[in-house]
There are 2 protein chains.
Amino acid sequence: MVNGTAPVAEKTRHRVLKAIEELDYTPNVLARGLITKRSGGIGVIVNDLTSPFFGSILDGIEAEVEAQGMHMIVASGHADAKRESKAIHFLRQRLPDAMIIQVDGTSDPELLELAAHKIPTIVFGRHITELGERCIYLDNEQGGFLATQHLIDCGHSRIGHIAGPLTIADSRARLQGYRRALEGAGTPYNRGWVIEADYLEAGGYRATRHLLERTCDLSAIFCSNDQMAAGALQALREAGIRVPEDVSIIGYDDIPLARYLYPSLTTIRQPLFEMGRAVAEIAFKALAGKRAEVRHKFEPELIERESVQCPE
Amino acid sequence: MVNGTAPVAEKTRHRVLKAIEELDYTPNVLARGLITKRSGGIGVIVNDLTSPFFGSILDGIEAEVEAQGMHMIVASGHADAKRESKAIHFLRQRLPDAMIIQVDGTSDPELLELAAHKIPTIVFGRHITELGERCIYLDNEQGGFLATQHLIDCGHSRIGHIAGPLTIADSRARLQGYRRALEGAGTPYNRGWVIEADYLEAGGYRATRHLLERTCDLSAIFCSNDQMAAGALQALREAGIRVPEDVSIIGYDDIPLARYLYPSLTTIRQPLFEMGRAVAEIAFKALAGKRAEVRHKFEPELIERESVQCPE
DNA sequence: TTGTATGCGTTATCAG
DNA sequence: CTGATAACGCATACAA
């Protein structure tokens, strides 16, 4: 009756409502969930809660979830298979109405199996054909290509790349896009121009210093995210190398701070917030047994600022 | 028996374990929670999941929680009384083993009432005397003082302040520290030197422009967080004002990106990660009925980098 | 040592 | 339209 299941007479209705008020009674979610197999929350798992990258995504998801009067419970998986698995099971046990999961250590088949259960499961940041509309992702290969091609269009040819951890699919895709652009321009892939780092500022800083030791003829560097680009900027500054006069830098993500770096960072924008909203919308529609009318594949976009210019 | 409650014969033990394996049986947390009033999770609520500030805190909490083999479920309250209350109740309903809450819209008495229930509740970022050891906080007034005093020690006297939203206690405390330092130096408080913003980069940028329109004789600005300082740096740069030669800037928080700004940001460090760890430790000890041997009041610390120098 | 009954707080079902 | 009762999946206490 509290949930409008049964039709009630006005009189009894009032009596009950009054009693509820007096005892400030709160329905026990656990007991209720035992029957309905529902908890009224959306489970969300992402690699890490700290970075501005996932921050924007969570923001988008939260906006939509809150608009629906629901809540999200989030956990982090740290791109590690074991931790992801624990986090996923922890969340599943709480019977969320739907799950949104962004992981890197978990394989496609495992994800497929998860999605096969009753709880609607949406995958963020991966394209799994069998999942159809239940995933949302961005073309990172194209993003890497876009970034590198922009440098090429500006007249650069000796272009380095600071990659993210190559255990992460996004990192590999961006690297792949970098190679495609380079090869399209007739520049063979040069191993010495590429270095792997960790998506953190300090990592980008160290990687840049290593790159500088290895070779000093680079005229541009494509960093696989903005945080590493911030580190690169700093390393170049300390080395007395001017950006963008001597070396151009391009980042990836367009985090809020990107435009406040010096020089302001040219970068590849991913519509993280919008993607967060969209994935939540898919979840809610799936919950209602409907298909969501949203985009599933998003396109990266070049944001031109001041850290790139023609060589010389 | 699964939880080691009863002594069992080896034989049956094996039989059960095998069955568990075969049916890949997972205990139903809800049914179990119905009895034990426990869920194996730590509920965490913070203002917002996006900012690097709360990111560091969550990182610290997570480190400790994970070390204990538990999980955390986090929700955000956005410094808004209504949203905070909803988030808190949402989490409480799930019967977390303990709760860590950082809020701004909720009053001390309300918090006290929450803490009076069975679920151990620890308050982050506020000093509530009645809660005793159940809270952990930092002296923001002292931090504001430290920042301003550093500028004064460098020889500045015309010092502006970009405050955070004054609805937030931390913002008010930092402003208070600013006033104390100024008055200690014999400089009367000047309303025109202070402006309220929103803790975001863009807000700091706009605030700085307003400040510049109002008066052009400021030789230093104390920003209530690093993100606003980043905006200030950009606004000054665009106005052709050199930092630190013409105007000194000091921030607050020491977010990871602070040292990668240009010029690298002098700021007030708060041991956010350590505080996160500590608050989680208090929670676990409270769970075990013990007191935690940790610090409850943390001290802000000046981090000198390049954005401050003597005037002239 | 093992099996069995009872209760946790709901929702759902089925007579009344 | 109402009231009583079973069932959800587990822990606990007690009897076998």
Side-chain angles (χ1 to χ4, degrees), chain A residues 1-43 68-71 73 86 88-99 114 116-120 287-289, chain B residues 1-43 68-71 73 86 88-99 114 116-120 287-289:
Chain A
M1 109 94 197
V2 180
N3 36 45
T5 276
V8 214
E10 268 310 297
K11 214 165 47 186
T12 30
R13 170 183 201 74
H14 268 0
R15 257 177 48 209
V16 174
L17 253 37
K18 194 176 140 206
I20 287 183
E21 193 66 30
E22 280 171 5
L23 308 171
D24 76 313
Y25 158 86
T26 313
N28 181 318
V29 195
L30 272 58
R32 176 181 287 178
L34 208 51
I35 310 279
T36 60
K37 272 84 176 69
R38 290 248 187 152
S39 73
I42 303 292
Q68 300 282 340
M70 299 191 77
H71 284 267
I73 57 189
K86 281 168 85 172
I88 291 177
H89 287 302
F90 175 82
L91 286 185
R92 283 186 75 87
Q93 284 181 341
R94 267 132 254 255
L95 300 182
D97 293 5
M99 291 203 59
L114 276 173
H117 295 338
K118 300 123 292 193
I119 302 177
L287 211 62
Chain B
M1 108 93 195
V2 179
N3 37 45
T5 276
V8 214
E10 268 311 295
K11 215 165 49 184
T12 31
R13 172 183 199 74
H14 269 359
R15 256 177 51 210
V16 174
L17 255 36
K18 197 177 136 204
I20 287 183
E21 192 67 29
E22 279 171 4
L23 308 171
D24 75 314
Y25 159 87
T26 314
N28 181 318
V29 196
L30 272 60
R32 176 179 289 179
L34 208 51
I35 313 275
T36 60
K37 271 85 174 73
R38 289 246 185 154
S39 73
I42 303 291
Q68 300 282 341
M70 300 191 75
H71 284 267
I73 58 189
K86 282 168 84 174
I88 289 176
H89 287 301
F90 175 81
L91 285 186
R92 282 186 76 86
Q93 286 180 342
R94 262 131 260 258
L95 299 182
D97 293 2
M99 291 204 59
L114 277 173
H117 295 337
K118 300 122 293 193
I119 302 177
L287 245 173

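Predicted model, so just to flag it, every value in this text is computed and none were measured. In the text below, chain A, chain B and the rest are named by the order of the sequence lines, each starting its count at 1.
Along DNA chain C, the nucleotide nearest to Arg15(B) and the one nearest to Leu34(A) differ in position, and the one closer to the 5' end is contacted by Arg15(B).
Taking atom CG of Leu30(A) as the reference point, atom P of dG7(C) lies 20 Å away to the nearest angstrom. The interatomic distance linking Lys37(B) (NZ) with dT12(D) (C1') rounds to 14 Å, in whole Å. Distance, Gln93(A) CD to dC8(D) P: 20 Å, rounded to whole Å. The CG-C1' distance, from Asn28(A) to dT10(C), rounds to 7 Å in whole Å. As a whole-Å value, the separation of Arg38(A) CZ from dT10(C) C1' is 16 Å. Here the C1' atom of nucleotide dT10(C) and the CD1 atom of Ile35(B) are 13 Å apart, to the nearest Å.
With axes fitted over five pairs at each extremity, the angle between the ends of the helix from dG3(C)-dC14(D) to dG16(C)-dC1(D) is 50° (10° resolution).
Of the listed nucleotides (dA11(D), dG9(D), dT11(C)), dT11(C) has the atom at the smallest distance from the side chain of Thr36(A).
A donor-acceptor contact shorter than 3.5 Å links the side chain of Arg94(A) to the backbone of Ser39(B).
Side-chain contact between Gln68(A) and Ile42(A): absent, with no pair of heavy atoms (C-beta onward) separated by less than 4.5 Å. Side-chain contact between Leu34(A) and Asn28(B): present, with at least one pair of heavy atoms (C-beta onward) separated by less than 4.5 Å.
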Query raised in the report: Checking side-chain contact (heavy atoms from CB on, under 4.5 Å) for the pair Arg92(A)/Thr26(B): CA distance, chi angles, key distance, verdict?
Result: CA-CA 11 Å; Arg92(A) 283 186 75 87; Thr26(B) 314; over 6 Å; no
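The side chain to side chain contact (heavy atoms under 4.5 Å, CB included) test applied to Leu287(A) returns Arg38(A), Asp97(A), Ala98(A), Pro120(A), Phe284(A), not counting sequence neighbours.
When all heavy atoms are compared, the tightest approach of Leu91(B) to Pro96(B) is O-CD, 3.1 Å.
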